Each structure stands twice: as structure tokens, then as C-alpha cells.
Amino acid sequence: MKTFLLLICLLPFSSFAGKFVPSSFTANYEESLVSVTGKTKKSFGKIDYKFPGHLRFEVTSPTSSLFVVNPQKTWLYQPAFVKGEMDQVTVQKSSNLPLIKFLDSVKDGVENSKLFKSTFVNNDLILTFDKTIQKEMGFVEVILHANKDAKEVKDIKGFENITLKHLNKNKTNIKLIDLKEEVSFPVGNFEFTPSSNTKVITN
């Protein structure tokens, strides 16, 4: 399941003089996946992030799922589609997860990155991935759209929305809602404990 990879849209955000991604943040999001045929599919959810390597990504609509990451493990939880069946969670080590490598790498800026090339074009900041990273993540570019010259944007809220270009030519548009920076998360926020009705798959 690649839904959680859309989180990379949350990376880029802020002046080059300070933190590019906050040490921690939480936000609701609206996501629109536009296929090459022009068909649009929307989803909604919430994301929590804490540096380094902590992520909680919850899809609330139209189909719920939960992806949780900490420096040791990842959990991908999917509730049963049919009543009476078991839920399912896939557990694996989080080492070298491309998404987390990218999030952590842009914490302090986008200059001199080994993972992508950054370019300013009017109101847009374009991050073009290295060929190897494109294959790992399934994306060619992340484009951040501002309502003024992108070079003048000073913090994460200065970008109105984000576009992800997929290798398969699809596009995903992301809008962050009610973003809060430098938040304190409750104990266990970046862990997952399955219920007795959950099938556990370990990779």
C-alpha cells in the first residue's frame, strides 16, 4: 500500500535561514489524486510528525487506515472491510524507510541535498528527486505552491498547497489544514498495539 508515501508532501516548508520542517507538527489534510485520464479521487485524514523518524498518518475517509512509524518499527493497520472478519496490521523494521529519510533530510533546508535538486520558479518551489529515490518512492517531483514569490516564503504556512508528480504520470494535490507546529504528543502516539481481533503480519 503506497498511500502513506503521499506524506512527503508535508516536508518542505520554511525559510532557508531556519528550520525547513518543524521539529514536530500536526495537521489535517485533504488529498486529491488525479489520474492520467483526469479522474479525481479524494481522501481526508491527519498527520503527526516528530523529528527524527516519528510519523503517524491516519486516513479517515473514504477508507480508514493507519500508518505509524518510529525509529525501530512501522505498523500499517487496515480495519476489516467486511463485518466479522479480522483487522490486519503489517509490522516491519523502519530502517532505511525512504519517506523518513526524506522528511529528516529536509529538516534544516533544501540546499545541497543528496536526494533531490531544488529550483524556484516564480511562486513554486520544485524538488526534483534523484533517479534512485524516484524508483524507491514512486515520485518524480514535489512542487510547493505559494501565493507570492516562493523565495520570499518564511514558514510552512506560506505554501498554500503541494503537488506530487508520480512516476506513472498521475498527480496528487495536497492541502494542509489547521497545521500546528512544535507540538507535544502523548506517550505512545508513535506506537501501535493491535487488538485481539487483529491479524499480525511480520515482514
Side-chain angles (χ1 to χ4, degrees), residues 1-11 24-104 134-139 142 161-180 183-203:
M1 179 180 178
K2 291 188 176 182
T3 302
F4 68 87
L5 290 176
L6 302 179
L7 299 176
I8 59 174
C9 58
L10 296 169
L11 324 176
S24 64
F25 66 82
T26 184
N28 295 318
Y29 73 87
E30 177 181 319
E31 171 189 300
S32 299
L33 174 62
V34 183
S35 70
V36 291
T37 62
K39 185 178 180 180
T40 300
K41 181 179 180 180
K42 286 194 173 185
S43 62
F44 304 86
K46 180 183 178 182
I47 179 174
D48 297 336
Y49 172 73
K50 184 177 76 171
F51 180 86
H54 293 76
L55 186 69
R56 183 182 180 90
F57 179 57
E58 183 177 5
V59 181
T60 57
S61 175
T63 302
S64 62
S65 64
L66 177 65
F67 183 66
V68 181
V69 180
N70 64 38
Q72 289 75 45
K73 290 184 178 181
T74 72
W75 294 264
L76 176 57
Y77 171 71
Q78 297 171 293
F81 291 107
V82 179
K83 186 176 180 180
E85 293 187 352
M86 295 184 70
D87 300 337
Q88 178 175 299
V89 62
T90 302
V91 185
Q92 60 184 337
K93 293 181 179 180
S94 57
S95 58
N96 298 321
L97 188 70
L99 171 62
I100 294 301
K101 284 196 299 183
F102 184 37
L103 276 170
D104 290 347
Q134 289 183 18
K135 293 178 180 179
E136 288 182 354
M137 304 185 71
F139 298 101
V142 173
N161 55 71
I162 303 155
T163 298
L164 293 83
K165 290 188 176 181
H166 302 242
L167 275 174
N168 62 7
K169 307 300 183 181
N170 291 344
K171 292 183 180 181
T172 298
N173 298 312
I174 305 283
K175 182 177 181 181
L176 301 181
I177 305 167
D178 299 328
L179 185 144
K180 297 179 177 62
V183 299
S184 296
F185 297 106
V187 175
N189 190 63
F190 299 102
E191 297 178 356
F192 182 81
T193 302
S195 69
S196 58
N197 190 47
T198 303
K199 179 181 179 181
V200 178
I201 301 173
T202 303
N203 289 339

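In this text, all values refer to a predicted model and were calculated from it rather than measured experimentally.
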Verdict with reasoning, N170 to F139, per side chain to side chain contact (heavy atoms under 4.5 Å, CB included): CA-CA 9 Å; N170 291 344; F139 298 101; over 6 Å; no

In sequence, state the C-alpha distance, the side-chain angles, and the governing distance for T26 and D48, and then conclude on side-chain hydrogen bond (donor to acceptor under 3.5 Å, both in side chains). CA-CA 4 Å; T26 184; D48 297 336; 2.5 Å; yes

Full working for side chain to side chain contact (heavy atoms under 4.5 Å, CB included) between T40 and L33: CA-CA 5 Å; T40 300; L33 174 62; over 6 Å; no

Tell me, with the steps shown, if N203 and K93 meet side chain to side chain contact (heavy atoms under 4.5 Å, CB included). CA-CA 8 Å; N203 289 339; K93 293 181 179 180; over 6 Å; no

Take I201 and Q88 through the test side chain to side chain contact (heavy atoms under 4.5 Å, CB included) and record every step on the way to the result. CA-CA 8 Å; I201 301 173; Q88 178 175 299; 3.5 Å; yes

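Heavy-atom minimum distance, F185 versus S24: CE1-CB, 3.9 Å. Residue E85 comes nearest to N197 through the heavy atom pair O-ND2, 3.8 Å, listed as atom of the first residue, atom of the second, then distance. For the residue pair S65 and P79, the shortest heavy atom distance occurs at CA-CD, 4.3 Å. Shown here for K199 and M86, the closest heavy-atom pair between the two residues is N-CE, 3.6 Å. Of all the heavy atoms in E58 and L66, the pair that sits closest is CB-CD1, 3.8 Å. In terms of heavy atoms, V36 sits closest to N168 at CG1-O, 3.7 Å.
Rounded to the nearest 0.5 angstrom, W75 CH2 and T198 OG1 are separated by 13.5 Å. Rounding to the nearest 0.5 Å places NE2 of H54 at 8.5 Å from CD of E191. One distance of note links OG of S32 with CZ of F44; it measures 7.0 Å at 0.5 Å rounding. Rounding to the nearest 0.5 angstrom, the gap separating the NE2 atom in H166 from the OG1 atom in T172 is 2.5 Å. To the nearest 0.5 Å, the span separating NZ on K175 from CG on N173 amounts to 11.5 Å. From F67, atom CZ reaches atom CG of L76 across 6.5 Å, with rounding to the nearest 0.5 Å.
With sequence neighbours excluded, the residues satisfying side chain to side chain donor-acceptor pair (under 3.5 Å) with D87 are Y77. Partners of T90 according to the side chain to side chain donor-acceptor pair (under 3.5 Å) rule, which considers only residues two or more places apart in sequence or in another chain, do not exist here.
Checking side-chain atoms of T202 against main-chain N and O of V91 turns up no donor-acceptor pair under 3.5 Å. At distances below 3.5 Å, at least one donor-acceptor pair connects side-chain atoms of N70 with backbone N or O atoms of F190. Between the side chain of S94 and the main chain of T74, no donor-acceptor pair closer than 3.5 Å is present.
Side-chain atoms of Y29 and T60, non-hydrogen and from C-beta on, never get closer than 4.5 Å to each other.
Sorted by first and then second residue, the salt bridge (charged side-chain N to carboxylate O under 4.0 Å, His left out) pairs with a member in residues 162-171 read E141-K165; sequence neighbours excluded.
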